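Chain identifiers are assigned alphabetically (A, B, ...) following the order of the sequence lines, protein sequences preceding nucleic acid strands; residue numbering begins at 1 within each chain. All values derive from a computational prediction rather than experimental measurement.
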Protein chains: 2
Amino acid sequence: MNELLHLKSAGLKSTLPRLKVLSLFESGSDRHLSAEDVYRKLLASGDDVGLATVYRVLNQFEQAGLLVKHHFEGDKSVFELNQGDHHDHIVCLQCGRVEEFFDATIEQRQKKAAADRGFELHDHSLYIYANCIKPKCKYRN
Amino acid sequence: MNELLHLKSAGLKSTLPRLKVLSLFESGSDRHLSAEDVYRKLLASGDDVGLATVYRVLNQFEQAGLLVKHHFEGDKSVFELNQGDHHDHIVCLQCGRVEEFFDATIEQRQKKAAADRGFELHDHSLYIYANCIKPKCKYRN
DNA sequence: TTGCTAATGCTAATCATTCTCATTTGCAAT
DNA sequence: ATTGCAAATGAGAATGATTAGCATTAGCAA
């Protein structure tokens, strides 16, 4: 029911593909999904949604503020549910695991860096590429 | 002569296309160039270098540590001369002007953020997207 | 000067993403 | 419930950046 409200308020019709995609993210085990990921997952669960539609819906959701889009290293972009909390990302170069973090000091200094140089910060993207040192990383031990 | 040394030490033959590309960056008015940019500039100066070669050379130079590659918002990537000093970027959303900056505190906190979560920082990319408030911005006044 | 390997320059191929357009579907007004 | 129509979908073609394949050319060491 919540989804419906979201879609409505975004001026989007409540259609099958859109509901499927949205619930994928809301039920999500993986928070960060590419268009291809979404497409595969839907196919796997027997829901036939065209790839073009997935791309369209994802972008509409981003516009509507339901999702946030990220460009990690490499070509394809990934989306995650927008839960209001801004955060940055650490991506493991080995296993691809993504961890989120927020550092008020970094945010602060960014704003200052921009202001000092005569810019008005609009947005930023910070990705840290690293290696897990935890045993969690599937490519270690 | 300096270029020659660079190429040699990178195990790259000193060829015309490579010298052309390298001097483009070293003489550079624009520090940040895409493959397409390089291609156009070379054509403009009467030097005929194939686009594929430009891409190849750019990547080889990156591997060799002569250039650094960046992915600003959007699709195409840009290269800049590697002068040893790491820095991040502020990109004007209006005019595309790129300003470089370095903030020791931000660097520090990033390392800490990674370490705190069991990662060993390998690399990071930080891009600030902003609007010039200086009259410099060609899309203002 | 010769010879061989690496480099170049085309063009065709890839990959992610977007566009086109004919067909279908949500939904508001009968 | 039924109808009508704009909005949404699906399939495949088109795009744009980047890379691969291969025949030709050019550094450079002997």
Per-nt protein contacts along nucleotides 9-14 of chain D (heavy atom under 4.0 Å; B base, S backbone sugar-phosphate only, - none) come out as BBBB--
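Taking a 4.0 Å limit (strictly below) on heavy-atom distances, residues 66-77 of chain B reaches DNA chain D at B/K76, B/S77.
A ring-ring contact (aromatic ring centres under 6.0 Å, His included) check over residues 26-52 of chain B, counting only residues at least two apart or in different chains, returns the pairs B/H32-B/H89. Sorted by first and then second residue, the ring-ring contact (aromatic ring centres under 6.0 Å, His included) pairs with a member in residues 95-125 of chain A read A/H86-A/H124; sequence neighbours excluded.
Looking at residues two or more places apart in sequence or on another chain, you find no salt bridge (charged side-chain N to carboxylate O under 4.0 Å, His left out) involving A/R56. A/D75 is linked by a salt bridge (charged side-chain N to carboxylate O under 4.0 Å, His left out) to nothing, counting only residues two or more places apart in sequence or in another chain. Applying the salt bridge (charged side-chain N to carboxylate O under 4.0 Å, His left out) rule to A/R31 yields the partners A/E80, A/E100; only residues at least two apart in sequence or on another chain are considered. The salt bridge (charged side-chain N to carboxylate O under 4.0 Å, His left out) test applied to A/E107 returns no partner, not counting sequence neighbours. Residues passing the side chain to side chain donor-acceptor pair (under 3.5 Å) test with B/S34 are B/D37, sequence neighbours excluded. For A/S45, the side chain to side chain donor-acceptor pair (under 3.5 Å) partners two or more places apart in sequence, or in a different chain, are A/D47. Listed by chain and number, the residues in a side chain to side chain donor-acceptor pair (under 3.5 Å) with A/Y129 amount to none (sequence neighbours excluded).
When each of D/dT19, C/dT5, D/dA8 is scored by its nearest atom to the side-chain atoms of B/K13, the top-ranked nucleotide is C/dT5.
Each end of the helix from C/dT1-D/dA30 to C/dT30-D/dA1 yields a helix axis from five base pairs, and these two axes differ in direction by 30° (to the nearest 10 degrees).
B/K8 has its NZ atom 11 Å from the C1' atom of D/dA29, to the nearest Å. Following rounding to the nearest Å, A/Q63 (CD) and D/dA8 (P) show an atom-to-atom distance of 13 Å. Regarding B/L12, its CG atom lies at a distance of 16 Å from the C1' atom of D/dA26, rounded to whole Å.
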